[in-house]
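All remarks here apply to the structure that follows.
Proteins come first, then strands; the chains are lettered A, B, ... in the order of their sequence lines, and each starts at number 1.
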Amino acid sequence: CSASTGVAGGALPREQKGAPAYCKYWCQYPDQTCIKRTGSPRHRLTAASPTSGSGSGRCAGAGVVLMAEQEEEEVGDGFWEEEGEEEEVYSPEDLKPVAPDTGGDESLRATTAEPGDQDESAKVEGSNTAHLFVFTNDKAGMGKVDKSKVNKVVYEMSKDSAYFAHASSQDKKNDKRIHDLREKLQSLSLSRRSSLASEVSALEIKLEKQRFCRRVCVVVDMDCYYAAVEMRDNPHLRDKPMAVGGIGMISTANYKAREYGVRSAMPGFIALKLCPELIFVRSHFDKYKETSDRVLTVLRQYDPHCRMMSLDEAYLDLTEEVSRRQVEETSSKANLEGGAQMELEEMASRVVAELRAKVQEASGGLTCSAGLAPNFRLAKIASDVKKPNGQCIVPFHREAAIAFLHSMPVRKVGGIGKVMEKTLKEVFGVETVAELFEKRLELFHCLTPKSSHWLLRVALAIHHDDEAKAMAEWKTAVGDGEDAAEATSFQSV
DNA sequence: GCGGATCAC
DNA sequence: GATGGTGATCCGC
């Protein structure tokens, strides 16, 4: 899971969407196993300048708002833990606590309310800087960490550096964009709003037709992978705070280290300040690769086309495997009783639990976490929910998918990074996906059509290309009879 | 097509 | 003292 790669061994970016078919980096799988299955392009979103009419086409001025379109991984590591097999069927209550900014840190609770001008005023020395760092967003397994304390240390160690100066200057530019967007937002008239309302609702209906809920998408993510491999090979490291990487940058930290707030993508010298007894281990990519290959062998038994996104993360489509087992189960049970088919959720969970056990065996005891959902965007997010060594399933119907996603902070969505997170929060007051949906008219007013469309799909828990294709395949596989009628019933609102 | 920005790992 | 390296994509020019 986590692993930022820079440090030792030299620069090893993970494979991204839309990459060439042959991954020339760490995961050298010539047969394309290392690229993501759905190569949808990212796009970047721009705010229309207040002066230029938004409408179609170009808009001069203003800046970038976001990039998007992918079901990318949260860098979510979990902490190392050998026991505690967990399995989770998602239900709304369970996820409530996951919601946005529950953990302390009032400093981040910014100036959302008044859309006026507090441009330069907010120079309150260090109070508001956590968002400048990638590694300050919350991660699995760091619940007990005193975030404000960590943020303070990070700030103290950084404030005079060139890095910080650069980050601040970038942030300032973004503040300007935020300011422009706020102005744009204020220009939203009632009549404009009502025309947007009909436009957007028509779009929702169209998107809804792309929904397909019967695909079993699974994201498997190894728990703090590099650190886990190192601890497997050096068991005495297990009860000590340890990080893979160096003084410059940390790839992965074990759970002991995370108790101190140490995490991936954090510079080692800051980590050392947070945890003076931290042990640094240099990375051994050959071992990670070798173990990863063994894991891949297991995964291919379940989906021969499974894709490794990196050494520690894989995307599988288990639709066929689960369906096959359902049939098996039904026919064997039919001899005894009337044999109702086992629920899709139940069978999928069972298959994934089995898969994870095999992964653990094949990797010499490493644990992984998994997310199951009707599309990969959701599965990716779900894979982080029960980390470490657990799995989370989003039931295969529309309401569950939406409820699950709506409970999430927008930052959990692949493609929304720290810049977009701040923009959404400060311009629209949006922190969760539910709020994203509530503010869809405002978004359509202020952002480019492309941006708004993408965000609407996110808010509806639809992953378009992905699902449309899967649905088409499913329909043909199933034939055109009544089953096809059933297929359409799944997409109905 | 380039430069800048964002996101991902 | 000090904050990785790389690919992909998109926008504005």
Side-chain angles (χ1 to χ4, degrees), chain A residues 1-20 22-27 34-36 39-49 52 57-77 132-137 154-171 173-174 176-177 221-222 225-226 245-252 263-273 283 285 288 308-313 380 411 413-423 447-448 450-451 454:
Chain A
C1 40
S2 72
S4 67
T5 50
V7 201
L12 306 167
R14 290 198 186 179
E15 196 39 41
Q16 300 268 343
K17 220 169 217 189
Y22 179 80
C23 177
K24 49 185 185 295
Y25 305 105
W26 348 338
C27 24
C34 126
I35 43 175
K36 220 175 241 185
S40 33
R42 275 190 189 175
H43 62 261
R44 169 166 145 196
L45 309 179
T46 308
S49 132
S52 74
R58 308 262 151 185
C59 20
V64 185
V65 176
L66 79 77
M67 329 228 336
E69 191 63 7
Q70 61 204 136
E71 63 281 307
E72 208 44 76
E73 178 195 13
E74 260 304 293
V75 183
D77 306 86
L132 299 181
F133 304 93
V134 247
F135 49 81
T136 46
N137 64 346
V154 170
Y155 172 71
E156 284 301 320
M157 298 293 290
S158 301
K159 59 181 180 184
D160 298 321
S161 68
Y163 178 89
F164 189 83
H166 180 252
S168 298
S169 117
Q170 292 293 99
D171 191 47
K173 287 183 204 168
N174 191 40
K176 166 81 167 75
R177 292 192 282 264
D221 195 304
M222 303 298 293
Y225 186 55
Y226 297 173
I247 202 72
M249 186 62 61
I250 284 175
S251 292
T252 312
R263 35 160 308 176
S264 52
M266 178 180 275
F269 67 89
I270 292 181
L272 209 50
K273 186 79 171 183
S283 42
F285 288 108
Y288 312 148
M308 294 296 283
M309 273 303 296
S310 63
L311 292 181
D312 67 336
E313 181 184 345
K380 176 70 197 78
R411 186 68 167 83
V413 176
I416 297 182
K418 63 185 169 70
V419 174
M420 186 56 180
E421 178 187 35
K422 181 181 168 182
T423 304
L447 308 180
T448 57
K450 231 176 176 183
S451 325
W454 185 78

(message) Quick check on B:dT6: is either OP1 or OP2 less than 4.0 Å from any side-chain nitrogen or oxygen of A:Arg177?
(response) yes
(message) Starting the side chain at C-beta, find the nucleotide from C:dC10, B:dA8, B:dT6 nearest to A:Arg411.
(response) B:dA8
(request) Kindly write out the residues that satisfy side-chain contact (heavy atoms from CB on, under 4.5 Å) with A:Glu156, not counting sequence neighbours, or none if the list is empty. (result) A:Lys159
(request) Please state whether the rings of A:Tyr226 and A:Tyr288 are parallel, tilted or perpendicular, taking 30° and 60° as the class boundaries. (result) parallel
(request) Figure out the CG/P separation between A:Asp171 and B:dT6, and round it to whole Å. (result) 10 Å
(request) Would you mind telling me which of C:dC10, B:dA5, C:dA2 lies closest to the side-chain atoms of A:Lys450? (result) C:dC10
(request) Kindly say if A:Lys173 contacts the phosphate of B:dA5, meaning a side-chain N or O under 4.0 Å from OP1 or OP2. (result) yes
(message) Return the NZ to CG distance between A:Lys418 and A:Asn174, rounded to the nearest 0.5 Å.
(response) 9.0 Å
(message) How many whole angstroms separate atom CD of A:Gln170 from atom C1' of B:dA5?
(response) 7 Å
(request) Could you state the atom-to-atom distance from OH of A:Tyr155 to C1' of C:dA2 in whole Å? (result) 17 Å
(request) In whole angstrom, give the distance that lies between atom NZ of A:Lys418 and atom P of B:dA8. (result) 11 Å
(request) Would you mind reading off the distance between A:Met249 atom CE and C:dT6 atom P, rounded to a whole angstrom? (result) 14 Å
(request) Specify the separation, in whole Å, of atom CZ of A:Phe135 and atom P of B:dA8. (result) 16 Å
(message) Rounded to whole Å, please give me the gap between CD1 in A:Ile247 and C1' in C:dA2.
(response) 8 Å
(message) If I take atom CD1 from residue A:Ile270 and atom CZ from residue A:Phe135, how far apart are they, to the nearest 0.5 angstrom?
(response) 4.5 Å
(request) Round to a whole Å and report the spacing from NZ of A:Lys159 to P of C:dA2. (result) 14 Å
